[in-house]
Amino acid sequence: MIAVIQRVSEASVTIDGQVKGRIGTGFLILLGITHEDTREDLDWLSKKIVGMRIFGDAEGKMNLDLKAVDGSILLISQFTLHASTKKGNRPSFIEAARPEVAIPLYEQMIRQLSADLGKPIETGEFGADMKVALVNDGPVTIIIDSKNRQ
């Protein structure tokens, strides 16, 4: 599982002209799921995300996590994070999980992030054509791959 975490002051996702999810301070997370991902990857990644200390403290140092700043999460599924660009100019998405594998893991990630954060999170819609808007605060963008834990 790959997560692109963007620290935001605001973010939203719109589907068919309707706002599906919106947050203020928090994380916009783009989540890519591969066919090799498991519940273990999901649990590890959720705890890593919620514990990520990338908000400024009173001295301006990145030292606070989401709970400390009463932050929120907007989670967006994004299979293109597993694009292979090794050959040619047209990406291959063969490593991205098929919907029958990815949807249950995406739904479990929603539940796990909510549980670890202690409140509901906002989401996009798996497989939908989404328009994502954000104000990246900093900018701060962190990429975490559950297969690369060391």
Side-chain angles (χ1 to χ4, degrees), residues 1-55 62 65-67 69 71-150:
M1 241 174 238
I2 295 175
V4 176
I5 303 162
Q6 297 181 79
R7 185 180 75 182
V8 298
S9 55
E10 61 183 78
S12 64
V13 60
T14 302
I15 303 169
D16 294 328
Q18 301 284 74
V19 175
K20 167 82 168 70
R22 177 182 309 234
I23 64 169
T25 299
F27 293 159
L28 168 65
I29 302 170
L30 305 175
L31 182 70
I33 300 170
T34 185
H35 54 82
E36 296 176 356
D37 289 328
T38 66
R39 179 64 198 228
E40 181 185 338
D41 291 296
L42 185 148
D43 290 340
W44 179 85
L45 188 56
S46 178
K47 285 178 182 28
K48 190 78 168 171
I49 289 168
V50 172
M52 188 70 44
R53 294 174 19 194
I54 59 174
F55 291 95
M62 282 197 235
D65 64 16
L66 275 170
K67 290 180 182 179
V69 298
S72 300
I73 292 175
L74 173 57
L75 181 69
I76 307 293
S77 63
Q78 188 161 355
F79 76 93
T80 60
L81 292 176
H82 287 287
S84 173
T85 57
K86 291 180 182 176
K87 292 172 34 178
N89 292 322
R90 183 170 181 247
S92 167
F93 302 106
I94 197 163
E95 291 301 315
R98 303 278 314 146
E100 57 272 12
V101 171
I103 291 171
L105 284 172
Y106 175 70
E107 291 172 350
Q108 287 176 350
M109 180 59 96
I110 294 167
R111 290 188 297 272
Q112 191 62 52
L113 283 168
S114 293
D116 289 343
L117 187 57
K119 65 181 182 180
I121 68 165
E122 296 289 311
T123 67
E125 182 180 313
F126 190 94
D129 180 17
M130 297 177 273
K131 307 302 180 208
V132 179
L134 70 136
V135 176
N136 190 320
D137 181 21
V140 175
T141 302
I142 308 286
I143 301 171
I144 303 175
D145 185 341
S146 68
K147 302 297 189 219
N148 188 15
R149 298 184 193 185
Q150 286 131 358

List the atom of V140, the atom of N136, and the distance in Å for their closest heavy-atom pair.
-> N-OD1, 2.8 Å

Do L42 and M1 have side-chain heavy atoms sitting under 4.5 Å apart?
-> yes

On a heavy-atom basis, the closest approach of I49 and F27 is O-CE1, 3.4 Å

Does atom CD of E40 have more than 12 heavy-atom neighbours, drawn from other residues, nucleotides or ligands, at distances under 6.0 Å?
-> no

Given L31 and M109, is the side chain to side chain contact (heavy atoms under 4.5 Å, CB included) satisfied, shown in steps?
-> CA-CA 9 Å; L31 182 70; M109 180 59 96; 3.9 Å; yes

Can you check whether V135 reaches S9 side chain to side chain, under 4.5 Å on heavy atoms?
-> yes

Apply side chain to side chain contact (heavy atoms under 4.5 Å, CB included) to I110 and I121, showing your working.
-> CA-CA 7 Å; I110 294 167; I121 68 165; 4.2 Å; yes

Specify the closest pair of heavy atoms between G17 and T14, including all atoms of both residues, with the distance to one decimal.
-> C-CG2, 3.5 Å

Contacts of type salt bridge (Lys or Arg N to Asp or Glu O under 4.0 Å), residue D65, not counting sequence neighbours | none

Without swapping roles, check the side chain of Y106 against the backbone of L75 for a donor-acceptor pair under 3.5 Å.
-> yes

First locate atom CH2 of W44, then atom CZ of R149, and finally report the distance between them rounded to the nearest 0.5 Å.
-> 5.5 Å

Which residues pass the salt bridge (Lys or Arg N to Asp or Glu O under 4.0 Å) test with R98, sequence neighbours left out?
-> none

Without hydrogens or angle criteria, can the side chains of T34 and E36 be said to hold a donor-acceptor pair below 3.5 Å?
-> no

The reported gap from CG in L74 to CD in Q6 (rounded to nearest 0.5 angstrom) is 10.5 Å

F126 ring center near F79 ring center (under 6.0 Å) = no

Test salt bridge (Lys or Arg N to Asp or Glu O under 4.0 Å) applied to K48 - qualifying residues, sequence neighbours left out = none

When rounded to the nearest 0.5 angstrom, what is the spacing between CG in D116 and CZ in R111?
-> 13.0 Å

Exercise: do S46 and D43 side chains pair donor with acceptor under 3.5 Å = no

Qualifying side chain to side chain donor-acceptor pair (under 3.5 Å) pairs, either residue in residues 119-132, two or more places apart = K20-T123, D70-K119, D129-K131

Closest contact, heavy atoms only, A11 versus L28 | CB-CB, 4.3 Å

To the nearest 0.5 Å, atom CE of M52 lies from atom CD1 of I5 at 5.0 Å

Go through the steps to decide whether I73 and I29 satisfy the test side chain to side chain contact (heavy atoms under 4.5 Å, CB included), and finish with yes or no.
-> CA-CA 7 Å; I73 292 175; I29 302 170; 3.7 Å; yes

Heavy-atom closest pair, residues S77 and G127 | OG-N, 4.1 Å

Heavy atoms from other residues, nucleotides or ligands near CZ of R22 exceed 12 (cutoff 6.0 Å) | no

Are any of the side-chain heavy atoms of I76 and M130 separated by less than 4.5 Å?
-> yes

Would you check if L45 and I144 make a side-chain contact, meaning some heavy-atom pair closer than 4.5 Å?
-> yes

Grab the two heavy atoms, one from I23 and one from S72, that are nearest each other, plus how far apart they are.
-> CG2-CB, 3.6 Å

First locate atom CD1 of I33, then atom OG of S146, and finally report the distance between them rounded to the nearest 0.5 Å.
-> 10.0 Å

Only pairs under 3.5 Å count here: list side-chain donor-acceptor contacts from residues 82-95, not counting sequence neighbours, and write none if there are none.
unit_1: H82; atom_1: NE2; unit_2: G32; atom_2: O; d: 3.1
unit_1: S92; atom_1: OG; unit_2: I94; atom_2: N; d: 3.4
unit_1: E95; atom_1: OE1; unit_2: H35; atom_2: NE2; d: 3.2

How long is the span from the CG atom in D41 to the CD1 atom in I2, to the nearest 0.5 Å?
-> 11.0 Å

Counterpart residues, salt bridge (Lys or Arg N to Asp or Glu O under 4.0 Å), relative to D137 (two or more places apart) | R7

